[in-house]
Amino acid sequence: MDYNHKSIEQKWQKFWADNQTFKTAETTDKPKYYVLDMFPYPSGAGLHVGHPLGYIASDIFSRYKRLKGFNVLHPMGYDSFGLPAEQYAIQTGQHPAITTAANIDRYREQLDNIGFSFDWSREIRTSEPEYYKWTQWIFIQLFNSWYNKETDRAELIDTLIAKFETTGSSNIKAEADDEVLSFTADQWKAFSEEEQQRELLKYRIAYLRESTVNWCAALGTVLANDEVINGLSERGGFPVEQKKMMQWSMRITAYADRLLRGLDTIDWPEPLVEMQRNWIGKSVGASVKFPVPQLDTNIEVFTTRVDTIFGVSFVVLAPEHDLVDALTTDAQRAEVDAYIDKTAKKSELDRMADTKTVSGVFTGSYAKHPITGEDVQIWIADYVLAGYGTGAVMAVPSGDQRDYVFAKHFNLPIIAISDSQNIEEAADANKEGRYINSGFINGLTYQEAVDALILKLEELKLGKAKINFRMRDAIFGRQRYWGEPVPVYFKNGLPYLIKEEELPLLLPSVDKYLPTESGEPPLGRAENWKYQDQYDYELSTMPGWAGSSWYWFRYMDPTNEKDFAAKEAVDYWKSVDLYIGGSEHATGHLLYSRFWNKFLKDLGYHNEEEPFKKLINQGMIQGRSSFIYRVLDEEGRGTNTYVSLGLKDQYNTIPLHVDVNIVYNDVLDLEKFKSSRPEYTDAVFVLEDGKYICGTEVEKMSKSKFNVVNPDDIVDQYGADTLRLYEMFLGPLEQAKPWNTNGIEGVYKFLRKVWRLFHDTEGNFHVSEEEPTKAEYKALHKIIKKAEDDIERFSFNTSVSAFMICVNELTELKCNKRAILQDLIIVLEPYAPHITEELWTLLGNDAGTISYASFPKFNPDYLVESEFAYPVSINGKMKMNLPLALDLDNKAVEEIVLANADVQRYLDGKPVKKLIFVKGKIINIVI
RNA sequence: GCCUAGGUGGUGGAACUGGUAGACACGCAGGACUUAAAAUCCUGUUCCCGUUAAGGGAGUGCGGGUUCGAUUCCCGCCCUAGGUACCA
């Protein structure tokens with residue numbers, strides 16, 4: 001019997017499912033290993049051939065780790081709350097739960113076709129009440145906590161209340177809102193319940209406050225910063241505006257420093273680490289106050305270059321800055337108002353795009369320089385952003401290019417502050433020289449100046465060293481239906497939690513999935529939906545990232561009703577050892593997950609500072625579109641004649657997308673093309689060499705470009721094992737690459753060769769019990785070593801090649817010895833589990849046991865070669881091959897090489913300066 | 001602009017810490033088997049010069065450098081992809 005992928009794969013997929021072969025054991029005598037894929041959002045389009053890339057890689061790694069004796073946790077689930085299901089519900093009226101369930105079924109079917117070793121008994125869906133109960137529970141913990149800077153961790157709010165009751169607000173070091181009150185213990189106790197709650201809200205990690213949000217009118221919801229790209233929504237590309245709203249937020253900024261420090265402890269791809277670093281955006285500098293005596297206040301600025309403070313020639317506020325109104329003099333009022341009006345009208349997009357024109361206006365007021373006491377003009381300009389730092393900057397034209405341009409434009413003074421500065425043409429920010437024009441820091445170096453200035457500013461109470469972060473708190477509420485309800489109700493306008501034992505707070509039914517007439521979110525439509533029949537529930541739902549920010553814990557203990565996961569399970573599985581997924585989640589999911597992980601650790605629920613120890617970004621698989629060229633007639637109208645790529649320049653043509661599924665190795669299947677659409681039945685072709693060659697282009701995979709390839713089709717034609725091997729063979733895992741099937745035949749041929757090693761020429765199964773030869777052992781141990789090394793460094797494509805070499809060698813040797821073949825298929829099992837399982841049982845082993853067999857032990861002795869030829873060069877040139885026995889020491893090698901007649905001839909009596917040895921071989925002779 | 005990754009045959013890509021560049025596969029060309037096709041197998045395939053051959057030369061984006069020896073390390077530049085953007 002020849003290799004029949006269909007019957008083999010169906011048989012084993014059924015066996016594995018029926019026997020729960022990949023159910024993760026709860027034993028603890030084996031070391032654990034946790035391999036996780038980023039779980040998919042089940043979209044209506046189903047999987048295309050790009051989706052499984054990462055899953056195949058993680059499956060190979062999981063299976064490899066099982067063979068290496070690890071207890072492997074390799075689960076899968078669905079991130080099933082999300083916008084598309086809701087949009088679809090708005091259009092069709094169908095409940096998102098129904099479409100989501102249907103999509104999940106389709107996904108599951110497609111995934112099962114590929115033969116993954118997921119433990120499906122641990123499947124989770126974020127939209128199931130059993131799951132989101134715990135997402136809500138975590139929200140409750142976040143609401144019930146504050147961040148204590150002294151202990152550098154989150155603590156229960158009770159510890160804060162206790163401090164308020166004993167010492168008031170004075171000694172509290174907390175991450176909190178800016179406008180917290182100062183009070184004594186007695187004052188606190190005298191506060192009303194409402195006043196106390198209002199104050200505590202400013203400290204909670206999940207908190208409610210009025211904040212400027214990214215409002216997307218078209219989607220009817222707010223968006224997080226990472227969901228906004230260039231002023232447009234990530235989904236749909238709709239315009240996004242700034243709007244003030246009461247919103248739930250997460251105090252992720254409290255964790256900014258820990259999130260940053262943690263990056264040094266994890267094994268993640270450098271670009272991703274860099275993205276998170278930039279997103280967090282730590283800058284070290286100082287906060288400086290410029291007194292405004294006439295208003296009895298200060299303008300506080302943030303600067304990374306305090307040392308340039310004597311170069312300050314003006315101060316600039318963002319147009320939205322709170323003090324602008326008070327600072328504007330009557331004379332300047334009209335001009336300032338006009339300017340504010342103009343910038344307010346500009347969208348975020350315009351404001352970002354327009355970075356070249358210099359604009360700004362003088363307020364008419366002056367501030368005092370904190371050190372010299374001189375008057376400094378106060379300006380407003382839109383290059384200063386309200387959202388960063390304090391929304392105000394001290395302008396140092398000599399050291400900052402934007403300030404320089406601004407000063408030139410408005411004819412403001414430019415003061416050199418360093419003897420090494422060249423400010424003829426542009427600002428010069430170097431820190432090399434000694435200070436000039438700088439009062440008491442004249443003559444000092446950069447570091448000396450910074451230290452002296454910080455000291456001085458602290459003494460004057462007009463400044464201090466400060467660290468600023470670019471990262472903002474994360475907006476947590478969405479005005480949407482298909483998400484987790486926030487377990488909060490309102491009493492007297494203040495939020496209160498529902499009790500933990502009342503969880504889950506179920507998502508109520510609504511008649512429509514649109515906002516109410518009064519503009520409330522869809523949940524406002526739910527009837528009789530009140531807490532204790534009287535209090536209004538929070539109507540916004542949680543954002544998409546809520547459910548995915550802790551899901552790896554749930555897999556550890558997916559059905560637990562008492563905890564998000566049992567303590568023993570969490571203690572055993574700890575954190576994810578290997579996480580595979582796309583880099584598009586760099587500043588979203590991957591940051592929020594780290595945040596929640598740290599938070600849950602602070603509350604003592606586990607002990608791991610980081611959730612994902614090692615992370616691999618699989619590259620996107622792009623579509624490779626195929627084109628045919630339709631010939632145009634004299635009037636430029638399309639005809640039904642199509643010309644092959646190589647001849648198209650002889651005609652006037654337009655390219656048309658053609659379905660890639662009827663193109664093989666860029667050759668169009670003419671019959672399939674003709675029957676694809678009625679209008680093509682009579683199509684005429686201009687061929688080259690009897691073939692129609694299509695043009696190609698790399699584009700995103702999408703239906704409209706006819707370049708979507710469904711993995712089911714590949715599995716049907718070549719089998720899951722071929723698909724798995726081929727996706728790995730395509731190139732390095734991390735690299736983006738276009739999908740094409742040009743080389744898939746080679747992989748399929750390889751599997752057939754493997755099959756034939758076990759079968760005689762009549763196709764009957766046959767292996768020999770003879771003792772293998774040296775050469776056979778050598779071929780086997782080469783692949784054992786190579787496969788092991790390659791998998792450990794995630795170089796799957798090179799190990800597929802190595803398997804091909806090995807099988808070619810064994811075929812050449814006509815090797816059908818059990819001792820060799822059995823080990824070979826164990827090593828191959830992670831890549832091609834179905835064919836190896838079949839061969840494993842043909843060899844007489846129990847079904848379902850190959851996945852837990854022992855990975856063969858590599859023996860280096862088999863690779864030692866007794867005699868071989870190798871090239872020796874002279875001065876890097878004139879290479880020649882010399883035969884040589886290797887079991888010799890360097891001394892002997894040296895003698896033999898130098899005695900060689902060819903070498904002697906080349907040396908021509910010249911003295912040898914140096915011999916270069918590599919691994920006991922002379923590789924080069926220097927003369 | 002800044003940050004990060006990358007640039008190797010007709011194609012996808014190998015070369016793990018500097019040591020025979022182009023493994024493996026596709027494609028292509030030629031051949032065997034076959035009435036024929038499919039399948040399978042064999043041979044060749046970086047480029048240039050050399051009638052075949054023996055042989056020689058060039059060659060890993062470009063220009064330099066270090067080294068006996070550089071795809072690999074260093075300096076400068078060009079290009080591509082991804083991220084980011086008035087962040088004080």
Side-chain angles (χ1 to χ4, degrees), chain A residues 2 229-230 269-279 281-283 285 288 301-305 308 316 318 351-358 381-385 387-396 399-403 405-406 468-471 583-584 586-587 617 619-620 665-667 689 696 726 729-732 734-738 740-747 749-750 752-753 756 786 789-790 792-793 795 797-806 808 811 869-877 879-881 913-919 921-927:
Chain A
D2 208 4
I229 318 268
N230 286 335
E270 194 50 42
L272 208 109
V273 168
E274 206 53 38
M275 267 190 249
Q276 289 213 346
R277 245 184 225 129
N278 291 340
W279 188 261
K282 180 179 184 173
S283 20
V288 182
V301 304
F302 174 74
T303 177
T304 52
R305 292 292 303 270
T308 64
V316 192
R351 204 160 147 177
M352 283 193 298
D354 184 19
T355 61
K356 286 183 188 70
T357 45
V358 182
D382 66 3
Y383 80 84
V384 177
L385 306 174
Y388 182 77
T390 60
V393 301
M394 58 179 222
V396 183
D400 182 286
Q401 187 56 25
R402 286 160 320 189
D403 296 344
V405 172
F406 195 85
N468 213 9
F469 292 95
R470 194 186 85 107
M471 186 170 63
S583 61
E584 65 272 20
T587 52
N617 287 131
M620 231 219 308
N665 283 340
D666 298 339
V667 176
D689 303 330
T696 62
Y726 185 60
F729 182 70
L730 215 45
E734 278 109 323
Q735 200 176 299
K737 55 219 161 220
N740 71 78
T741 49
N742 289 352
I744 200 164
E745 292 283 350
V747 172
K749 265 188 227 169
F750 158 74
R752 237 170 7 212
K753 284 182 193 165
R756 284 181 189 160
K786 180 77 175 154
D789 290 352
D790 283 352
E792 295 280 0
R793 60 193 178 101
S795 178
N797 56 329
T798 53
S799 56
V800 177
S801 294
F803 276 113
M804 290 177 175
I805 296 170
C806 174
N808 285 343
T811 305
Y870 70 86
V872 173
S873 56
I874 294 178
N875 282 349
K877 295 254 173 191
K879 287 161 189 149
M880 60 196 115
N881 286 318
K913 273 198 209 141
K914 199 159 68 161
L915 292 171
I916 313 292
F917 282 87
V918 171
K919 289 176 197 155
K921 301 198 285 186
I922 292 179
I923 210 121
N924 194 22
I925 302 168
V926 185
I927 54 176

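Order of the sequence lines sets the chain letters (A, B, ...), proteins ahead of strands, with each chain counted from 1.
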To the nearest Å, give me how far apart [atom1] ([X]) and [atom2] ([N]) are.
| X | N | atom1 | atom2 | value |
| --- | --- | --- | --- | --- |
| Phe750(A) | C24(B) | CZ | P | 14 Å |
| Tyr388(A) | U84(B) | OH | P | 17 Å |
| Lys749(A) | C41(B) | NZ | P | 7 Å |
| Gln401(A) | A85(B) | CD | C1' | 16 Å |
| Lys753(A) | A39(B) | NZ | P | 14 Å |
| Ile805(A) | G13(B) | CD1 | C1' | 13 Å |
| Leu385(A) | A88(B) | CG | C1' | 9 Å |
| Met275(A) | C2(B) | CE | P | 19 Å |

Pairwise [atom1] distance for [N] and [M], with rounding to whole Å:
| N | M | atom1 | answer |
| --- | --- | --- | --- |
| A21(B) | C16(B) | P | 14 Å |
| G13(B) | A85(B) | C1' | 35 Å |
| G63(B) | G9(B) | C1' | 24 Å |
| A15(B) | U46(B) | C1' | 16 Å |
| C33(B) | A38(B) | C1' | 13 Å |
| G30(B) | U80(B) | P | 39 Å |
| A54(B) | G65(B) | C1' | 38 Å |
| A70(B) | G18(B) | P | 13 Å |

Next on the checklist: Base, sugar-phosphate or nothing for Asn808(A)? Non-hydrogen atoms, less than 4.0 Å.
Outcome noted: sugar-phosphate
Checklist outcome for this item: Rounded to the nearest 0.5 angstrom, the CZ-OG1 distance for Arg793(A) and Thr798(A) is 5.5 Å
For [N], give the paired nucleotide (Watson-Crick: N1-N3 plus N6-O4 or O6-N4; G-U: N1-O2 and O6-N3; both under 3.5 Å), or none.
| N | value |
| --- | --- |
| G22(B) | none |
| A5(B) | U80(B) |
| A38(B) | none |
| U51(B) | none |
| C28(B) | G44(B) |
| G69(B) | none |

Between [X] and [N], is there a side-chain N or O to OP1/OP2 distance below 4.0 Å?
| X | N | value |
| --- | --- | --- |
| Arg402(A) | C87(B) | yes |
| Ser795(A) | C16(B) | no |
| Asn797(A) | A25(B) | no |

Next on the checklist: Can you give me the closest heavy-atom contact between Ala395(A) and Val316(A), atom names plus distance?
Outcome noted: CB-CG2, 4.2 Å
What pairs with [X] under salt bridge (Lys or Arg N to Asp or Glu O under 4.0 Å), at least two apart in sequence or on another chain?
| X | value |
| --- | --- |
| Asp403(A) | none |
| Arg752(A) | none |
| Arg402(A) | Asp400(A) |
| Lys282(A) | Asp257(A) |

Next on the checklist: Students often mix this up, so state it plainly: with edges at 30° and 60°, are the rings of Phe750(A) and Phe803(A) parallel, tilted or perpendicular?
Outcome noted: tilted
Checklist outcome for this item: Arg793(A) has its side chain closest, among A88(B), A23(B), A15(B), to A15(B)
Checklist entry - In terms of side-chain heavy atoms of Arg470(A), which of A88(B), C16(B), U84(B) is nearest? => result U84(B)
Checklist entry - Side chain of Arg470(A), backbone of Tyr388(A): donor and acceptor closer than 3.5 Å? => result no
Checklist entry - Can any side-chain N or O of Lys737(A) pair as donor or acceptor with the backbone N or O of Pro732(A) at less than 3.5 Å? => result yes
Checklist outcome for this item: Walking RNA chain B from its 5' end, the first of Arg756(A) and Ala736(A) to be reached, judged by nearest nucleotide, is Ala736(A)
Next on the checklist: Which is more 5' along RNA chain B, the nucleotide nearest Gly281(A) or the one nearest Asp789(A)? Just name the residue.
Outcome noted: Asp789(A)
Between the protein and nucleotides 3-12 of chain B, which nitrogen or oxygen pairs are less than 3.5 angstrom apart?
{"residue": "G12(B)", "atom": "O2'", "partner": "Leu730(A)", "partner atom": "O", "Å": "2.7"}

Checklist entry - Using the purine O4'-C1'-N9-C4 or pyrimidine O4'-C1'-N1-C2 torsion, is G9(B) syn (within 90° of 0) or anti? => result syn
Next on the checklist: Checking Asn617(A) now: which residues fulfil side chain to side chain contact (heavy atoms under 4.5 Å, CB included) with it, not counting sequence neighbours?
Outcome noted: Pro269(A), Leu272(A), Ser583(A), Leu615(A)
